[in-house]
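Report on the structure given below.
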Number of protein chains: 2
Amino acid sequence: MTRIAVCAPSTPITRDDAERVLALAAAEFPGAEIVIHDQCFATAGHFAGSDEVRTAALVECANDPSFDAVWFARGGYGACRIAEDALAAFHHGAQAKTFLGYSDAGYLLGGIYRGRMGKAVHGPMLADIRRPGGEDAVRRALGFLSGGRDGLEPSLAGERHPVVAFNLTTLAMLGGTRLMPGLAGHVVMVEEVSEYLYAVDRLFFHATAHLNGIAGLRLGRVSDVPENDRPFGADAVEIARHWCDRHSIAFLGEADIGHDAANRIVPFG
Amino acid sequence: MTRIAVCAPSTPITRDDAERVLALAAAEFPGAEIVIHDQCFATAGHFAGSDEVRTAALVECANDPSFDAVWFARGGYGACRIAEDALAAFHHGAQAKTFLGYSDAGYLLGGIYRGRMGKAVHGPMLADIRRPGGEDAVRRALGFLSGGRDGLEPSLAGERHPVVAFNLTTLAMLGGTRLMPGLAGHVVMVEEVSEYLYAVDRLFFHATAHLNGIAGLRLGRVSDVPENDRPFGADAVEIARHWCDRHSIAFLGEADIGHDAANRIVPFG
């Protein structure tokens with residue numbers, strides 16, 4: 001039996017989200033037990049409960065030795081507000097755990113990886129059940145947490161460097177903070193959603209300045225780009241190449257990650 | 001006679017913008033001569049000409065000893081792409097000059113201040129003529145460039161620390177780059193426009209992590225905040241106080257700067 005704790009360090013999910021995932025898991029993953037912390041349904045302004053409430057739930061899930069994994073419920077924004085305090089309260093119970101999420105959960109993945117406090121993994125979250133094809137995203141996450149390796153990002157099979165994956169905004173905001181892991185020698189995958197291309201360019205300006213010595217960069221999907229009042233003049237791949245060139249970073253091509261149901265799994269390291 | 005060169009390191013202006021400002025200057029500032037570089041009207045995708053074209057115009061204006069000031073035409077996005085190369089080509093002709101702008105021009109102001117290459121000043125740009133009340137913004141800029149001091153941000157009068165002012169996004173993106181000046185001991189003013197409050201919070205998370213040792217922070221206007229699907233739960237002042245508290249930064253109150261015609265002038269230093 002794989003025991004999976006779900007908490008929401010950023011924004012809340014609905015009871016309906018939870019019921020749908022629990023039903024899917026009961027039908028298809030009889031070896032997985034999912035325990036959804038009540039904090040996932042709390043609300044406080046933008047967040048799934050106050051900073052204190054979210055911190056307490058995350059620490060409780062991370063330190064409970066009866067769980068094998070902590071699955072982040074949803075992104076949105078808010079994990080960066082609690083990450084430092086929560087990680088400081090992690091103890092040995094967190095060490096052997098897998099922590100799975102992406103997007104805003106990247107602040108936690110970064111800090112966990114930096115602190116070697118458990119296994120940080122970039123992949124689908126519970127709330128992805130809402131997306132078109134979201135059941136497949138949830139199956140991929142539960143399959144991975146149950147020991148399957150089918151959902152791994154394909155380039156990992158041939159990769160000899162350690163790998164990390166982040167939402168580009170999250171990675172840009174991590175740079176220079178106490179949550180930013182050292183990424184020298186790593187392949188860094190990034191993806192983005194709902195940002196103008198000029199903002200993607202600006203994020204690359206910033207993020208690449210913090211990626212000295214990486215082994216290379218792969219670009220995931222840059223999706224739902226809003227239409228600006230004029231064309232930017234370069235697409236996302238050209239933007240990535242431009243900034244990699246500026247910083248002598250090897251551009252390694254595409255990565256099969258993104259804010260969508262096809263988002264593949266990237267274990268850090 | 002004060003000779004002012006105008007170039008556009010980010011996005012283009014229109015001939016109409018230029019004519020309106022030249023007419024205002026001719027009528028009200030007979031001691032100022034404004035020379036608008038043709039590059040201000042160039043377009044290449046998002047930008048006022050390619051990176052090479054914008055770099056060349058900025059370097060030409062900065063190094064020409066017959067000009068007293070370089071006035072940035074407009075923000076929008078793009079200065080970060082050319083700032084390092086342009087500043088590397090500045091010579092002694094740039095040393096005695098004033099460089100005036102804000103918003104996206106902050107990348108240049110930051111690099112100029114870091115490199116002690118001239119006098120960086122945060123204040124209205126030519127394209128502010130488009131705003132409601134924009135003539136007053138242009139008058140404030142031309143008055144300052146002509147030697148007047150009426151347009152200065154009011155708190156400067158009682159301030160004993162050196163001061164800088166930035167758009168919050170620009171400051172966040174500067175952190176950790178080769179354009180970021182050392183700001184220990186400085187009062188740092190920030191303003192923002194058209195960002196969700198969750199994004200403002202995220203920018204403060206990041207920017208304050210790069211502001212170790214500053215003398216304090218002042219908050220300019222945070223304007224045109226889009227309405228999100230739910231209230232954030234804190235206003236901009238509460239957000240600023242939260243992150244200042246996290247980093248033991250003194251919150252000094254408001255600053256009279258912003259993306260509007262009332263934007264007051266802040267000479268760096």
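Lettering follows sequence order; numbering is per chain, from 1.
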Interface residues of residues 13-21 of chain A facing chain B - non-hydrogen atoms under 4.5 Å apart: none
Residue list, ring-ring contact (aromatic ring centres under 6.0 Å, His included) with F72(B), at least two apart or on another chain: none
Test log, rule side chain to side chain contact (heavy atoms under 4.5 Å, CB included), inputs T11(B) and R230(A): CA-CA 11 Å; T11(B) 63; R230(A) 57 195 185 281; 3.0 Å; yes
H206(B) (side chain) donor-acceptor with M173(A) (main chain) under 3.5 angstrom: yes
Side chain to side chain contact (heavy atoms under 4.5 Å, CB included) between R246(B) and R81(A), worked out: CA-CA 10 Å; R246(B) 290 281 299 189; R81(A) 292 177 61 100; over 6 Å; no
Between D201(B), L203(B), L174(B), the one whose heavy-atom pairs under 4.5 Å with chain A are most numerous: D201(B)
Spatial distance of atom CH2 (W243(A)) from atom SG (C80(B)) [nearest 0.5 Å]: 4.5 Å
Pairs of heavy atoms under 4.5 Å with chain B: top-ranked of P231(A), G78(A), A199(A), G233(A): P231(A)
Proximity of residues 208-229 of chain A to chain B, residues having a non-hydrogen atom under 4.5 angstrom: A209(A), H210(A), N228(A)
Step-by-step side chain to side chain contact (heavy atoms under 4.5 Å, CB included) determination, Y77(A) to R202(B): CA-CA 8 Å; Y77(A) 177 66; R202(B) 190 167 60 192; 3.5 Å; yes
Other residues, nucleotides, ligands: >12 heavy atoms within 6.0 Å of E238(B) CD: yes
Min side-chain heavy-atom separation D104(A)-Y198(B) under 4.5 Å: no
Contacting region of T43(A) [heavy-atom separation from chain B under 4.5 Å]: neither
Ring geometry between F47(B) and F232(A) (parallel below 30°, tilted from 30 to 60°, perpendicular above 60°): perpendicular
Residues of residues 49-57 of chain B with any heavy atom under 4.5 Å of a heavy atom in chain A: D51(B)
